[in-house]
Amino acid sequence: MQFPGGERAAQIVGFATSSGQAFLAVCIVSFIVVVSVSAFVAYLLDIHVTAFDPLKMNIMARLEPPSGEHWMGTDKIGRDMLARVVAGSWISLSVSFAVLAVASVVGTSVGLVAGYVGGWVDEVLMRVTDLFLAFPALILAAAIAASFGGGMISTTVALAAVFWPWYARLIRSRVLSLKEQEFVAASRCLGASHTRLIFTSLLPMVWPLVIVQATTDVGFVILAASGLSFLGLGAQPPTPEWGVMIFESLTHQPASWWLAVFPGGAIALVAIGFNLLGDSLRDHLDPSLGASEAGV
């Protein structure tokens, strides 16, 4: 008897057990996702995942080091750091996923059209792409976020504007090599329209590349979003966002080391987990990509 979703579950288990790196990546990312989803549900229901409210002040317990009661210590106004790190997980991940969703859709669309059509269309689209790539990424993102007045929506728009050109370049180069292959020529000879060729012949061949790139970029987007929050252009206090927490810790270093170590460690864990997952997915979905990078 075949259970619904059984085949997909078997594929996930097969991927997770395909290598030690894949197993470690799945464990880390699964833990991060479970914590983030739990924090988001708790936010919607106005309850708390941990024993403390991430926004509730307790001046009598300010700047306490990690202990049995406060596992990650407390901040300058007595808020529990564990509660704030957990609450901030869904904020950082949701911003990252929103940025990559927009960037990958826009970048893939531009790359598909530029690579397939070619000619002056390709030239115009690539010059626009080069215009965005000409500026340092964080400076451009900061300028865009500042022009929108700061905040999480501004951060999402700014980072999407920074990341989409990389997807456009990546997909264009892939499409340029794919459109000269025999299966595309065969489809064209059978009378397939340009739209059909793009969506049925080329897009299925490039989506693994997009998934791998987006998975690898999750950590980079969270780092960039935290950087904008650190500069005061992203999330605003008292939002328990990791970049904001690191910024607020500056005036209490190095004595209150836990204020920066734990949110910084959370950022590092997410970056490591999703980078490992991206590398494992690359080898699983398209082994030729890993072989080409290794020089095989």
Could you walk me through whether R84 and M72 pass the side chain to side chain contact (heavy atoms under 4.5 Å, CB included) test, one step at a time? CA-CA 10 Å; R84 290 181 64 76; M72 293 185 181; over 6 Å; no
Hydrophobic cluster membership, with links at side-chain heavy-atom distances under 4.5 Å among I/L/V/M/F/W/Y: are [X] and [Y] in one?
X    : Y    : answer
V157 : I139 : no
F135 : L133 : no
V124 : V106 : yes

Is there a donor-acceptor contact under 3.5 Å from the side chain of [X] to the main chain of [Y]?
X    : Y    : answer
T74  : E64  : yes
W242 : V85  : yes
S256 : Q253 : no

Residue of the set I211, L170, I171 for which side-chain contact (heavy atoms from CB on, under 4.5 Å) holds with V206: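 That would be I171.
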With rounding to the nearest 0.5 angstrom, report the [atom1] to [atom2] distance, [X] to [Y].
X    : Y    : atom1 : atom2 : result
T216 : L276 : OG1   : CG    : 9.5 Å
K56  : D80  : NZ    : CG    : 12.0 Å
S96  : I222 : OG    : CD1   : 4.5 Å
W71  : T50  : CH2   : OG1   : 9.5 Å
R169 : L125 : CZ    : CG    : 10.5 Å
I144 : L233 : CD1   : CG    : 11.5 Å

List the atom of A160, the atom of V99, and the distance in Å for their closest heavy-atom pair.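 Distance-wise, the nearest heavy atoms are N-CG1, 3.7 Å.
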Please walk me through it: do V105 and W164 pass side chain to side chain contact (heavy atoms under 4.5 Å, CB included)? CA-CA 8 Å; V105 170; W164 76 262; over 6 Å; no
Heavy-atom count around [X] [atom1] within 6.0 Å, excluding the residue itself: above 12?
X    : atom1 : result
L55  : CG    : yes
W166 : CH2   : no
F220 : CZ    : no

Under 3.5 Å, which donor-acceptor pairs link side chains of residues 31-41 to any protein atom two or more places apart or in another chain?
| from | atom 1 | to | atom 2 | distance (Å) |
| --- | --- | --- | --- | --- |
| S36 | OG | I32 | O | 2.8 |
| S38 | OG | V34 | O | 2.7 |

Applying side chain to side chain contact (heavy atoms under 4.5 Å, CB included) to F230 and I246, what does each step give before you reach the verdict? CA-CA 7 Å; F230 183 85; I246 294 175; 4.2 Å; yes
Just do the side chain to side chain contact (heavy atoms under 4.5 Å, CB included) check on F148 and T156 with the steps written out, would you? CA-CA 11 Å; F148 281 97; T156 303; over 6 Å; no
Qualifying residues under side chain to side chain donor-acceptor pair (under 3.5 Å), relative to Q21, sequence neighbours excluded: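 Once residues adjacent in sequence are excluded, the partners of Q21 under the side chain to side chain donor-acceptor pair (under 3.5 Å) criterion are S280.
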Could you label the plane-to-plane angle of the W257 and F262 rings as parallel, tilted or perpendicular, counting under 30° as parallel and over 60° as perpendicular?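 Tilted: the ring planes of W257 and F262 meet at 30° to 60°.
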Give the ring-plane orientation class for Y43 versus W90, where under 30° counts as parallel, over 60° as perpendicular and anything between as tilted.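 Y43 vs W90 ring planes: tilted.
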Minimum side-chain heavy-atom gap V29-T215 below 4.5 Å: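 Heavy-atom side-chain distance check fails, nothing below 4.5 Å.
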